[in-house]
Amino acid sequence: MKGVILAGGSGTRLRPLTTVVNKHLLPVGKFPMIHYSLEKLHSAGIREVMIVTGAQSIGLYAAYIGSGAERGMKVHYAVQDEAGGIAQALGLAESFIGDDEKFIVLLGDNLFEDSLDPFVKKYESQSSGAMVLLKEVEDPRRYGVAELDGGRITSIEEKPEHPKSNYSVTGIYMYDPEVFDIVRRIKPSARGELEITDVNNVYAEAGTLTYDVLEGWWTDAGTHESLREAADRLSKDDGENGK
């Protein structure tokens with residue numbers, strides 16, 4: 001499988017830190033945030049990755065990561081010219097993925113403890129459709145929440161007033177190539193962007209959206225508080241591993 005890391009966005013919630021630096025290049029513990037997505041993919045056996053980011057940041061990523069050879073990976077880059085949403089950014093990876101490959105997508109500001117390896121292997125055995133990883137949370141009203149039925153998701157609702165479960169959809173997705181046709185079919189939301197929740201709900205309505213659950217810690221490092229939390233957790237993990 002190939003991997004796609006979506007690392008665009010304006011980082012509004014992290015300003016002024018993100019006034020001149022893309023949030024995925026901010027330091028978290030010992031490394032820039034993007035390091036951890038690459039590390040998670042590499043440890044799951046994924047060696048070819050595309051990073052999608054804005055035009056103003058592409059040079060910085062190339063300077064830090066280069067071709068990926070030093071990491072034992074092959075890294076490609078794509079530019080998202082406008083803030084068109086996560087699904088639009090995903091669509092830019094179509095030529096990289098090709099017509100018949102499953103692949104994994106990470107939102108670059110999702111930091112987490114679990115290895116991706118068992119989830120990737122599980123998805124590889126799935127005949128078609130998509131898989132997302134969930135995390136049980138204390139306040140699901142802050143997130144996109146999955147409605148569950150057995151081993152499948154029947155719908156996802158963003159920031160619901162009355163959540164149908166305590167399981168948040170994390171920024172870890174696995175897709176078959178049909179996803180690119182879905183991206184072309186969905187319409188922009190009220191904020192003018194192509195939403196990844198709308199993509200996932202197409203799979204959910206078709207009965208082909210499966211899931212698994214992260215057991216370790218997870219955070220969306222998009223705020224000052226969650227950025228500090230991620231740094232604390234990663235520093236603790238490094239200490240326990242003798243790094």
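Numbers for residues simply follow the sequence, beginning at 1. Note that this is a predicted model, so its numbers are computed, not measured.
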Checklist entry - Quick one: are Lys2 and Ile97 in side-chain contact, heavy atoms under 4.5 Å? => result yes
Next on the checklist: With a 4.5 Å cut-off on side-chain heavy atoms, are Phe112 and Thr219 touching?
Outcome noted: no
Item to check | Residue of the set Leu107, Leu106, Ile104, Leu6 for which side chain to side chain contact (heavy atoms under 4.5 Å, CB included) holds with Tyr173 | outcome: Leu107
Checklist entry - Which pairs with one or both residues in residues 129-143 pass salt bridge (Lys or Arg N to Asp or Glu O under 4.0 Å), sequence neighbours excluded? => result Asp139-Arg141
Item to check | Contacts of Glu157 that satisfy salt bridge (Lys or Arg N to Asp or Glu O under 4.0 Å) - sequence neighbours left out | outcome: none
Item to check | Greater than 12 external heavy atoms within 6.0 Å of Asp99's CG | outcome: no
Item to check | Any side-chain heavy-atom pair of Leu209 and Val132 under 4.5 Å | outcome: yes
Next on the checklist: Counting only heavy atoms from other residues, nucleotides and ligands, does the tally under 6.0 Å from CG of Asp117 exceed 12?
Outcome noted: yes
Next on the checklist: Determine whether a donor-acceptor pair (N or O, by modelled atom type, separation under 3.5 Å) exists between the side chain of Ser165 and the backbone of Ala146.
Outcome noted: yes
Checklist entry - Got a donor-acceptor contact below 3.5 angstrom from the Gln80 side chain to the Gly85 backbone? => result yes
With a 3.5 Å cut-off and sequence neighbours excluded, list the donor-acceptor pairs that the side chains of residues 45-52 form with protein atoms.
unit_1 : atom_1 : unit_2 : atom_2 : d
Arg47  : NH1    : His42  : O      : 2.6
Glu48  : OE2    : His76  : NE2    : 2.8

Item to check | side chain to side chain donor-acceptor pair (under 3.5 Å) partners of Glu94, counting only residues at least two apart | outcome: Arg184
Checklist entry - Hey, mind stepping through Leu214 and Ile172 against side-chain contact (heavy atoms from CB on, under 4.5 Å) and telling me if it holds? => result CA-CA 10 Å; Leu214 296 175; Ile172 308 169; 4.1 Å; yes
Checklist entry - Do you reckon Ile86 sits in the same ILVMFWY cluster as Val169, going by side-chain contacts under 4.5 Å, direct or chained? => result yes
Next on the checklist: side-chain contact (heavy atoms from CB on, under 4.5 Å), that's the test. Do Leu234 and Lys30 meet it? Break it down for me.
Outcome noted: CA-CA 9 Å; Leu234 288 164; Lys30 296 180 180 179; over 6 Å; no
Next on the checklist: Using the rule that Ile, Leu, Val, Met, Phe, Trp and Tyr join whenever any side-chain heavy atoms are under 4.5 Å apart, tell me whether Leu60 and Ile58 fall into a single cluster.
Outcome noted: yes
Item to check | Min side-chain heavy-atom separation Asp109-His24 under 4.5 Å | outcome: yes
Checklist entry - How far does CE of Met131 sit from OG1 of Thr208, to the nearest 0.5 angstrom? => result 12.0 Å
Checklist outcome for this item: Residue set satisfying salt bridge (Lys or Arg N to Asp or Glu O under 4.0 Å) with Glu178, at least two apart, ordered chain then number -> none
Checklist entry - Which atom names give the shortest non-hydrogen contact between Gly98 and Pro177, and what distance separates them? => result O-CB, 4.1 Å
Checklist entry - Taking atom CG of Leu133 and atom OG of Ser168, what is their separation to the nearest 0.5 Å? => result 11.0 Å
Checklist entry - Nearest heavy-atom pair of Ile5 and Gly108: which atoms, and what distance? => result CG2-CA, 4.1 Å
Checklist outcome for this item: Between Gly3 and Leu41, the two heavy atoms sitting closest are CA-CD1, 4.4 Å
Checklist entry - For Thr53 and Val79, what are the C-alpha separation, side-chain angles and deciding distance, and is it a side-chain contact (heavy atoms from CB on, under 4.5 Å)? => result CA-CA 5 Å; Thr53 190; Val79 174; 5.9 Å; no
Item to check | Side-chain touch Val105/Phe103, heavy atoms, less than 4.5 angstrom | outcome: yes
Item to check | Test item: Asp212 and Leu134 side chains (from C-beta on) under 4.5 Å apart, heavy atoms | outcome: no
Item to check | Smallest separation among heavy atoms of Asp114 and Glu215, with atom names | outcome: OD2-N, 3.0 Å
Checklist entry - If we only count heavy atoms from C-beta on, is the Tyr167 to Pro140 side-chain gap below 4.5 Å? => result no
Please list, one pair per line, the donor and acceptor atoms closer than 3.5 Å that link side chains of residues 196-206 to other protein atoms, with sequence neighbours excluded.
unit_1 : atom_1 : unit_2 : atom_2 : d
Thr197 : OG1    : Glu158 : OE2    : 2.5
Asn200 : OD1    : Tyr175 : OH     : 2.7
Asn200 : ND2    : Ile196 : O      : 3.4
Asn201 : OD1    : Ile156 : N      : 2.8
Asn201 : ND2    : Ile156 : O      : 3.0
Asn201 : ND2    : Thr197 : O      : 3.4
Tyr203 : OH     : Asp176 : OD1    : 2.7
Tyr203 : OH     : Val179 : N      : 3.1

Next on the checklist: What verdict does the side-chain contact (heavy atoms from CB on, under 4.5 Å) test give for Trp217 and Leu111, after you've listed the backbone C-alpha separation in whole Å, the side-chain angles of each residue and the deciding distance to 0.1 Å?
Outcome noted: CA-CA 8 Å; Trp217 63 264; Leu111 300 172; 4.1 Å; yes
Checklist entry - OH/Tyr64 to CG/Leu25 distance, rounded to the nearest 0.5 angstrom? => result 8.5 Å
Item to check | Tyr211 OH to Met174 CE distance, which is reported to the nearest 0.5 Å | outcome: 14.0 Å
Checklist entry - If you take all heavy atoms of Lys187 and Leu194, which pair is closest and at what distance? => result C-CD2, 3.8 Å
Checklist entry - Below 4.5 Å, heavy atoms only, C-beta onward: do Glu39 and Phe31 meet side chain to side chain? => result no
Next on the checklist: Can a side-chain donor-acceptor contact be found between Glu193 and Gln88 if the only test is distance below 3.5 angstrom?
Outcome noted: no
Checklist entry - Which atom pair, heavy atoms only, marks the closest approach of Gly68 to Val75? => result CA-CG2, 3.7 Å
